[in-house]
Amino acid sequence: MERYNINIEELIRKEALGILTEQETRALEFEKKNYSEAEFDGLVIVVLQRMEDMSPGDSLKDWQPDYEDIIRRGNVEAEIRRKTKKKRRIYLFSGMVAAILLFLHRSKKPRYQKSAC
């Protein structure tokens with residue numbers, strides 16, 4: 001029975017890693033029927049604990065962020081925002097000037113027109 005459990009545990013491990021084939025998936029589903037839900041959950045817990053023990057540990061232990069690159073990217077993005085804001089102000093000002101000129105031009109039209117008679 002112990003050898004049989006190892007096979008089931010291997011199938012559970014492969015399922016957790018996402019490398020389970022279609023045939024193995026069917027075999028695992030079939031084997032699930034032989035266990036109660038609590039027993040099967042216990043097997044899953046055991047497999048996950050073993051997988052955790054096998055992991056190399058903290059792979060980010062010695063990692064250091066690249067502060068210079070982070071600052072450079074932040075400065076580039078800030079410059080893009082400044083330029084965009086400046087363009088928006090220029091377009092808004094140009095539109096306001098155009099609207100004022102159009103309004104002034106329309107208000108200077110004579111109130112009456114000379115007739116050709």
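Please read all numbers here as calculations on a predicted model, not as lab measurements.
- Residues Arg26 and Glu22 are paired through a salt bridge, judged by an N-O separation under 4.0 Å between the basic side chain and the carboxylate.
- Placement of Val44 and Met51 within a single hydrophobic cluster is found when ILVMFWY residues are connected by side-chain heavy-atom separations under 4.5 Å, directly or transitively.
- Under the 4.5 Å side-chain criterion, counting only non-hydrogen atoms from C-beta, Glu9 is in contact with Arg50.
- Leu92 and Leu102 sit in two unconnected hydrophobic clusters of ILVMFWY residues. Membership requires side-chain heavy atoms under 4.5 Å apart, directly or through other members.
- Here Ile12 contributes atom CD1 and Leu17 contributes atom CG; the two are 12.0 Å apart, rounded to the nearest 0.5 Å.
- Expressed to the nearest 0.5 Å, how far CG of Leu28 lies from CD of Gln23 amounts to 12.5 Å.
- At least one side-chain heavy atom of Arg88 sits under 4.5 Å from a side-chain heavy atom of Thr84.
- Side chains of Thr21 and Glu24: a donor on one and an acceptor on the other come within 3.5 Å.
- Within the 4.5 Å cutoff, the side chain of Asn34 has no heavy atoms near those of the Phe40 side chain.
- Between the CD atom in Glu39 and the CD atom in Glu37 there is a gap of 11.0 Å [rounded to 0.5 Å].
- Taking CD1 of Ile90 as the reference point, atom NZ of Lys87 lies at 9.0 Å (rounded to 0.5 Å).
- Separation of atoms CD (Glu15) and CD1 (Ile8) is listed at 12.5 Å; rounding is to 0.5 Å.
- Nearest heavy atom pair, residue Leu11 against residue Leu20, reads O-CD1, 3.6 Å.
- Here the OG1 atom belonging to Thr25 is positioned 10.0 Å from the NZ atom belonging to Lys14, to the nearest 0.5 angstrom.
- Phe93 belongs to a hydrophobic cluster whose remaining members, ordered by chain and number, are Val97, Leu101; membership requires side-chain heavy atoms of ILVMFWY residues under 4.5 Å apart, directly or through intermediates.
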